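Below you'll find the structure, written out as structure tokens, and then a few comments.
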Amino acid sequence: MDNRLLVWLCTVAVLSGTRSPAAAAGRSCADTRQVYSEKGYSTNSAPVTQISGEHLRLCPQDYTCCSSQMEETLSLQSEKDFLKAIEDNSQFLLTTFTQRHRKFDDFFRELIDLSDKSMNQMFTKTYGLLFTQNAYVFQELFVELRRYYSGGSLSLSEVLSEFWSRLVERVFSLVNPQYQFSDDYLECVSKHAEQLQPFGDVPRKLRVQVSRAFIAARALSQGLATGRDIVHKATKLTVDSECVRGLMRQWYCPLCRGIPSLRPCHSLCLNVMKACLANQADLDTEWNKFIDALYMVSEKLEGPFNFELAADSISVKVSEAIMHMQENSISISSKVFQGCGNPRPAPARSKRSPKETGANRRPFRTYTPEEKPTTAAGTNLDRLVTELKERLRPMQGFWVSLPHTICNDEKMAADVTNEDRCWNGQTRGRYLMSVTGDGLLSQINNPEVEVDVTRPDVRIRQLIMELRVVTNKLRHAYNGQDMDFMDSEEGSGSGGEDQGERYSDDWPGFGPYSPPYNKSPRNPVSSPGKPPRSRDRNGSKWNRNNGRVSSAANLHTFTLVPVVVLPFVVTVALMWR
């Protein structure tokens, strides 16, 4: 009778997940030794049969197959496994941001180079020597555009204003070859170019197109680089001792109990992971806003802020501007002579041939679709944006879902449906504790890992601030605004005021390369005038004669008069006083 009772008690003990001392003592540790060896560790310190577990510090102090050395080794292994899981599951993010940044950056830079080359070829073919003698004006424009895209601290409006000022001086001299103009005289011309509008409305249209596209392109490129850096920093964790204790208990304590195939219960795994990744989960709100902003800007770049069309339009718009000034050279020159004074006749010289002046050469033209240069970087903007958007959407909620992603791996935890035969932290059986919420503050009652909710990770808080800054830049870029030059860009037509302009009015005719469809309705509004432009003529960039003396002509000013007044009033008002 006593023997039957002993057998019954042993059976109950086994079925209930516990072992009597008699049953546990001397039990083989062959499975544990094999798994331990497969991980690359020596089994010299591994017990052959189960021993008393009073020496254990992390696992339950029951009969065990682990020595103190094995427990310490396995705790370090659990930390490595955790970091490897973080690395593996974040690799998608890191690879996407790294590769997309490189592709977009190469693409944008090559488009700028192609635009520069296109203008050089077009203008050389059209104007020949006259262009090559003044090519530095155009080269400087592209130098500044590259500098802006690369992150230079300069205003696109100022860059374009300086370009048009220099160009009007050169073109004015070329359309009036019978006169000789001093530097002071030419500065007088450029100073009042805005009132004269020698290039018509082209400067405004080009400013709108180029500013919107370059601001968005730079913001997207910088945003992708920032995303890459944030993922890299956020996944470089320093695992504290409490987290290591929780990791060891869920992953390797079953090994020490002699049941290495037993996986932690799914809810147990979630509680441990949510505690160890509590600070990362706090990234999620700002991270989602960042992903949304990237998505929105990428859509703008393939739509109304199309960078390809903007780059293509530079040479076309500049050629239109020059032709406009050529066609209106008599009236423009007359007004300039009234304001800046009568220039000196040029010294007698042989008359320029039509070939040299370019007067009889064919006007500038746009490329037909067949003639357009091969798309930069072996791709096109639509494809790049489509690929990026496909990768951005799965990134939403990444940091909050990371514990679930790890625990859904069958190597890391038992399936959620296997609630009764999993490791519950003590033995085989159901895990009865509730799963905690997301983020640091929610871990105050985490049953598996003790978390100090009063000490947030400083590095994660810094990353949250970085996300806010880059998201703000992207949102401003979405509205055509450069956050670093809000005052100048908004006043110059790159900011929010330009949102109402019809994009179809801005783009040149490209045949099948017509303006993208604008999804949102817009109402035309007038474009505000540019802010006063400051020009340092004594610096190295503008130094022509090591300093200049202001001429009397510079004291004159243009008076703008509304176009609705009578013609004779306009004539009087535009006189120089």
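Computed from a predicted structure; not experimentally measured.
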Check your understanding: Do F337 and Y179 make the cut of ring centroids closer than 6.0 angstrom?
Key -> yes
Review point. Is R204 salt-bridged to D201, going by a charged N under 4.0 Å from an acidic O?
Key: yes
Point to revise | Donor-acceptor contact present, side-chain D457 to main-chain R459, <3.5 Å | key: yes
Point to revise | Heavy-atom side-chain contact between L277 and W399 under 4.5 Å | key: no
Check your understanding: In terms of side-chain geometry, is the basic nitrogen of R147 or E144 positioned less than 4.0 Å from the acidic oxygen of its partner?
Key -> yes
Check your understanding: Hey, mind stepping through R100 and E387 against salt bridge (charged side-chain N to carboxylate O under 4.0 Å, His left out) and telling me if it holds?
Key -> CA-CA 9 Å; R100 294 302 106 186; E387 292 173 350; 2.8 Å; yes
**Study point:** Intermediate values then yes/no, salt bridge (charged side-chain N to carboxylate O under 4.0 Å, His left out), R218 and D482
**Key:** CA-CA 10 Å; R218 184 170 83 159; D482 186 342; 3.2 Å; yes
Check your understanding: So do M323 and V318 actually touch side chain to side chain, heavy atoms under 4.5 Å?
Key -> no
Exercise for review: Give the intermediate values and the outcome of ring-ring contact (aromatic ring centres under 6.0 Å, His included) for residues F108 and F104.
Suggested key: CA-CA 6 Å; F108 291 144; F104 273 98; 5.8 Å; yes
Review point. Should E466 and K233 count as an ion pair when the cut-off is N to O under 4.0 Å?
Key: yes
Check your understanding: Any idea which heavy atoms bring P343 and Y185 closest together, and the distance?
Key -> CD-OH, 3.8 Å
Review point. Are any of the side-chain nitrogens in K317 or D312 under 4.0 Å away from the carboxylate oxygens of its partner?
Key: no
Check your understanding: Can any side-chain N or O of S331 pair as donor or acceptor with the backbone N or O of N328 at less than 3.5 Å?
Key -> yes
Check your understanding: Got a donor-acceptor contact below 3.5 angstrom from the N176 side chain to the F172 backbone?
Key -> yes
Check your understanding: Ion pair present between D282 and R461, side-chain N to carboxylate O less than 4.0 angstrom?
Key -> yes
**Study point:** Test item: W287 side-chain N/O and M395 main-chain N/O as donor-acceptor pair under 3.5 Å
**Key:** yes
**Study point:** Whether N288 side chain and G397 backbone form a donor-acceptor pair below 3.5 Å
**Key:** yes
Practice item. Look at R166 together with E169 and state whether they make a salt bridge at an N to O cut-off of under 4.0 Å. Key: no
Review point. When you measure from the centre of the six-membered ring of Y149, is the NZ or CZ of R109 under 6.0 Å away and within 45° of the axis?
Key: no
Exercise for review: Return yes if some donor-acceptor pair links the side-chain N/O of S401 with the main-chain N/O of F398 below 3.5 Å, else return no.
Suggested key: yes
Exercise for review: Check the pair E302 / R383 against salt bridge (charged side-chain N to carboxylate O under 4.0 Å, His left out), numbers first and verdict last.
Suggested key: CA-CA 9 Å; E302 70 172 344; R383 184 183 305 166; over 6 Å; no
Practice item. Could you give me the CA-CA distance, side-chain angles and deciding distance for R212 and K300, then say whether side chain to side chain contact (heavy atoms under 4.5 Å, CB included) is met? Key: CA-CA 9 Å; R212 287 168 173 165; K300 269 294 181 72; over 6 Å; no
Study note, to complete from the structure: Between the NZ atom in K103 and the CG atom in L224, the distance rounded to the nearest 0.5 Å is 12.5 Å
Exercise for review: Give a yes or no on whether the backbone of Q121 and the side-chain of T124 come within a donor-acceptor separation of less than 3.5 Å.
Suggested key: no
Practice item. Applying side chain to side chain contact (heavy atoms under 4.5 Å, CB included), run through R228 and L94 and close with a yes or a no. Key: CA-CA 6 Å; R228 174 199 62 203; L94 196 59; 4.1 Å; yes
Check your understanding: Between F138 and F131, does the ring centre distance come in under 6.0 Å?
Key -> yes
